[in-house]
Each structure stands twice: as C-alpha cells, then as structure tokens.
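Written below as structure tokens is the structure these notes are about.
These numbers come from a predicted model, not from an experiment. First listed ligand is number 1; within each ligand, the first listed atom is number 1.
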Amino acid sequence: MVRNTIWIPRRLSDATLERAQASYECIINWDDGLSSADDIVEMSAKVDGIIPCHSELFTAEVAERLDPRLKIVANHSVGVDHCDIPALKARGITVTNTPDVLSDATAEIAMLLMLGAARRAVEGDRLVRTGAWDVWSPSFMVGKQVTGARLGIIGMGRVGRAFAEKARGFGMDVHYFNRTRLTPEMEQGASYHSDIESVLSVSDFLSLHCPATPETIALMNADRFALLPDGAVVVNTARGALVDEAALLDALETGKLSAAGLDCFVTEPGGNPAFASHDNIFMLPHIGSATVQTRDAMGFRALDNLDAFFRNETPKDEL
Ligand code: DGY
C-alpha cells in the first residue's frame, strides 16, 4: 500500500517521530531550524500533510501559494494564531490542533510564573548565584502572598480552568471573565464577571488564558492596566500579542504593577530586550507545554488527527 508522505518541520518528541515514521513516509527537519514562507510552499508540493508548530506561519499569502497536493495541516499546538484558517480552508486544506493535552503543563508554568513574580525569584536567584547575598533582615526581599489573594482569569477554557484548579489549592479566590459563563460544575466556585473591566478591578493577580485573535490583540493596554488594583501581578502564558508591551513596561515602572510573569512575547523567539533590566519581570522562553509527557501527548494527538483524516474520517480536532 502506498503510504502518505508528511513533513515534520520541527524536532518533535522521539516517541512522536517513531510513531510517525511507523505510519508515514516522513520528511523530518532534523536541524530543527525555522522554515520560511518559501520553504513551506516548496514542501507543500512534496507532501500530503504537515505537522507544524506555532513557529510555522501559514498566513493568507502562504495559503494562497500552497500546492494542491497538501491536504492537511495537523498542528502540534493548541493555539492556531499562526494559521489563517479561513484562507487554508478556502484552499480545501483541513486544519487541526491539539487541545486538552497541554492544559496542566501550561497551568503549571502559569503557577511558576505567578509565584516567581510575586516572590521576587529573579532578584533572589541572582543574589545567591552571584555570591552577592550578604545580608538577612525581616525587611529583606519581601514579596506578595498568593494565599487568600484574588486571582482574575481572562479566558476560562481548558488551560484557564486547569490554572483555576491549581490556584484554588493555594487558597486563592478565583474570578473570571469568559465569553460565556461556565456551568456551576465547571466554575467550581469561581466568580463570573460579564466584562473584562469588572474582573480587572478585583485581580490582585491576573492571568491571561485566551487565544490571540483580532479581537484580543493588545487586550491588556494602558487603560486596562490602570483598572487593576495597585501592586497587581500580571501573568501571561497564552500569547504575547495579548499584551501591549510598552503599556506593561510603563505600568511596572510607575509601580502600578508590582511584577509580571511572562512565558510569551510579541516577538518570538527573542522576547523584548526592554524587559531585561527589570528584575520584577520573571520570564521564560515559551515553554508552557515543554514536558516529556505533554510533548508526547501533543505529538500523538496531532498524529491521531492525521490518521483519522487519511482514513477518510473527520479528525477529532478539526477546526
Ligand atoms: C500551543 O500549543 O499553542 C503552545 O503555545 C505551544 O505551541
């Protein structure tokens, strides 16, 4: 039987690559470098499916140029802001993503960022690491406590709910904004706010968990930072585009915010060099889903979607 050919443009987990090679003719980018629009277009003529990550950009321009051989873009990501889905669909290309499987890992990173930002992890680590720690006093490195504090969550999808669950374990009072109110079983006691402004006003800690769409770009702007309680901590593990980074810096420099924890940036890879001199910004390089267990699960979910598609079934995660 003729096997379908797929392109894997990034170094996915070993287990994923092993399973992919057992089922498909695979062209694997072992170098793991980024692919340009021209690379994507060129590869589309050689394969039936692609398993891209959020680093491969399927813009409308790229979609327009894709070869008709390409039938499915089976993303290895839950976020799909790197894909112009209407443009891909207009070319008859099926698009899938990998929801559910990365919720806990991403919520763990949100918790790490929240705690690290609140308890001054960047400063503390540097003091000990450099041997500059030469004093202790009750007024030394005092931070902000999460236990009993109010946590605002914007976007109560799978990751938002996983984070809320972990935050409840820390005794936090959870508030949320979501386009639609959750059922009481899903809310688990969290307080619903029907508009973003209302949830901001009670967010001693704020965590973003919504997708980047034209409506949510720069959702956190100067006006909205101003609505947070003084000394609030902002956490972003969703997408950099949700935050106006200049407004965030301003809010940190004026003391409106006490700290921020960021796993996502407007420019990736790279981040924002203007953040580097601010010890109250605890940063990670977009590693929310980076655990062995989760990366295997993401790869397997993408392959499940491909397998279903090539069996002429509707993939579970078709968008
Ligand atoms: C996602 O799945 O969207 C994560 O950001 C990793 O790509």
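Residues satisfying the ring-ring contact (aromatic ring centres under 6.0 Å, His included) test with F300, not counting sequence neighbours, are none. Under the side chain to side chain donor-acceptor pair (under 3.5 Å) criterion, S77 pairs with no residue, sequence neighbours left out.
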Using atom types as modelled, flag every donor-acceptor pair under 3.5 Å from a side chain in residues 42-54 to any protein atom, sequence neighbours excluded.
residue, atom, partner, partner atom, Å
E42, OE2, K46, NZ, 3.4
S44, OG, V41, O, 2.6
S44, OG, D67, N, 2.9
D48, OD1, R69, NE, 3.1
D48, OD2, N4, ND2, 3.4
D48, OD2, T5, N, 2.7
D48, OD2, R69, NH2, 3.4

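Listed by chain and number, residues touching ligand 1 at under 4.0 Å (heavy atoms only) are H54, S77, V78, G79, L102, R239, H286, S289, M298.
For the residue pair T213/E215, the side-chain donor-acceptor check at 3.5 Å is satisfied.
Put simply, the side chain of I28 does not reach to within 4.5 Å of the side chain of L12, judged on heavy atoms.
I287 pairs with exactly one of T106, T237, L112, I109 by the side chain to side chain contact (heavy atoms under 4.5 Å, CB included) rule, that one being I109.
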